[in-house]
Protein chains: 2
Amino acid sequence: MRRNTTQRMAIEKVFKQHERPLGVDEVLEYGRSFVESLNQATVYRNLKLLVEDGWLKRISHPSLGTLYERTGRAHHHHFHCRECNRAFELPGCALKEDAAPDGFIVEDHEIFLFGVCPSCSGVAE
Amino acid sequence: MRRNTTQRMAIEKVFKQHERPLGVDEVLEYGRSFVESLNQATVYRNLKLLVEDGWLKRISHPSLGTLYERTGRAHHHHFHCRECNRAFELPGCALKEDAAPDGFIVEDHEIFLFGVCPSCSGVAE
DNA sequence: TCGCTAATGCGAATGCATTTGCATAAATGT
DNA sequence: ACATTTATGCAAATGCATTCGCATTAGCGA
C-alpha cells in the first residue's frame, strides 16, 4: 500500500503554502526547503500520484507549459505575470455569454490573462 | 536573396485556403496536395520564415500544441472541436471588462473554447 | 526493533517536436 | 541555356520534459 513519505508530504505542503498553480521546477525548489534531498524524478512521480488521486489537477499553460494546481477550487482563470513569471489564480469567470457564434457548442473554456501582478506593479508592497 | 519556391507558395496557399489555425502536420498534409514531395523539415523552415516575415503568427494551444495562423486578422479567440480535433477562429472578444481583480494589470489575454463545431454537431451539413 | 517492500535519488533512457548537415534539385540573374 | 547559389529532401542530431532501472533508503505492520 501507499506510504506517507516525507517527500510527498513536503510536496503537498508546498501546494498548501502557495495557493497558485506551480510548475515542476517550482515544486522542486520550494519542496527542497522541506526536504533538502528532494529529487526531480520524485517530484514527477508524486505529482502523477496526486493527480491520479484527484488532489491535484494538471493544466497546460500557453506560455508556462505544464502547471499543477489543487483541485476543489471554484471555477477560475489564470494570470501570468511577465515580471516575476508566476501564475496566479483569478477568482470568478470573465467569459461573456455569447462567446461563440451559433452552431458552436461550447462545453468548456480556458482564459489566460497576461500582464503584471500586484506585487510586481508596486500596487501591493 | 530569397527564392520563391513552389513549396513555400504551396504552404501559403494552404493558409489562404483554410482560414483557421493549422498545426505543422496539417500544413504538411494539405501542402502535399500541391507538392507531393513536400517534406516536414521544409514545412518547419518555411513556417519559421513566414513568422519572421510577419505573415504568420505562432500560437500555443493548451491541447493542440503549436499552431500557426495568418496575421492581420481582427482580434479573435480559438475554438477546439473535440470531434474533428480542428481549431477554429472565433471572431470578436468574449472577455468581460472586469476580468482581473484590482492590482492586476492586464495587458493581453487568450481565450480557448472547447466543444463541438457546427459541422460535427450536425447543425451545419 | 525487525523485516518487508514501496519509495527515493541518481543517472541513463525515452518520446516528442524541432533543427541541422549534406548531397541534390531547382530558382534566378546573366 | 548556363552558372550560381538558395532551398529541398532525407536522415541523423538536438533539446526538452518526462520516465525508467536499479541500488539504496526508509515507512509501516507485526
Return the orientation label for the A/Phe112 and A/His78 ring planes: parallel under 30°, perpendicular over 60°, tilted otherwise. parallel
When rounded to the nearest 0.5 angstrom, what distance separates SG in B/Cys93 from NZ in A/Lys96? 6.0 Å
To the nearest angstrom, how far is A/Tyr44 atom OH from C/dG11 atom P? 17 Å
Where chain A begins and ends its contact with DNA chain D, read 5' to 3' at 4.0 Å from heavy atoms: D/dA17 to D/dC28
How would you list, by chain and number, every residue that makes a ring pair (Phe, Tyr, Trp, His ring centres under 6.0 Å) with A/Tyr30, sequence neighbours excluded? A/His18
Check the interface with nucleotides 25-27 of chain C: list each N/O to N/O pair with the protein under 3.5 Å, or write none.
unit_1 : atom_1 : unit_2 : atom_2 : d
C/dA27 : N3     : B/Arg3 : NH1    : 3.1

State whether the number of non-hydrogen atoms from other residues, nucleotides or ligands found under 6.0 Å of A/Gln17 atom CD is greater than 12. yes
For the pair made of CD1 in A/Ile11 and P in C/dA7, what is the distance, rounded to whole Å? 13 Å
Once you round to the nearest 0.5 Å, how far does CZ of B/Arg58 lie from NZ of B/Lys48? 8.0 Å
Separation between CD1 of A/Ile111 and CG of B/Leu95, rounded to the nearest 0.5 Å: 5.5 Å
Whole Å only: how far is the CD atom of B/Gln40 from the C1' atom of C/dT18? 8 Å
Any residue of residues 45-66 of chain A with a heavy atom less than 4.0 Å from an atom of DNA chain D: A/Arg45, A/Lys48, A/Thr66
Which value, rounded to the nearest 0.5 Å, describes the distance between A/His75 atom NE2 and A/His109 atom NE2? 3.0 Å
So, the side chain of A/Arg73 versus the backbone of A/Pro91: is there a donor-acceptor pair under 3.5 Å, distance only? no
At what distance, to the nearest 0.5 angstrom, does CZ of A/Arg70 lie from CG of A/Leu50? 9.5 Å
The single option from B/Ile11, B/Leu47, B/Ile59, B/Val27 passing side-chain contact (heavy atoms from CB on, under 4.5 Å) against B/Tyr68: B/Leu47
Quantify the bending of the helix from C/dT1-D/dA30 to C/dT30-D/dA1 as the angle between its end axes, each fitted on five pairs, to 10°. 40°
Nearest-0.5 Å distance, NZ of residue A/Lys57 to OG1 of residue A/Thr71: 9.0 Å
For A/Ala87 and A/Pro21, work out which heavy atoms get closest and say how close. O-CD, 3.6 Å
The correct set of residues in residues 24-33 of chain B placing a heavy atom under 4.0 Å from DNA chain D is none
If I take atom CG in residue A/Leu38 and atom C1' in nucleotide C/dC10, what distance separates them, rounded to the nearest angstrom? 13 Å
5'-most by nearest nucleotide on DNA chain D - A/Met1 or B/Val43: B/Val43
Under 6.0 Å from the CD atom of B/Glu52, do we count more than 12 heavy atoms belonging to anything else shown? yes
B/Glu107, CD: over 12 other non-hydrogen atoms inside 6.0 angstrom: yes
In plain terms, say whether A/Arg2 and A/Asp53 are close enough for a salt bridge, that is, a side-chain N and a carboxylate O under 4.0 Å apart. yes
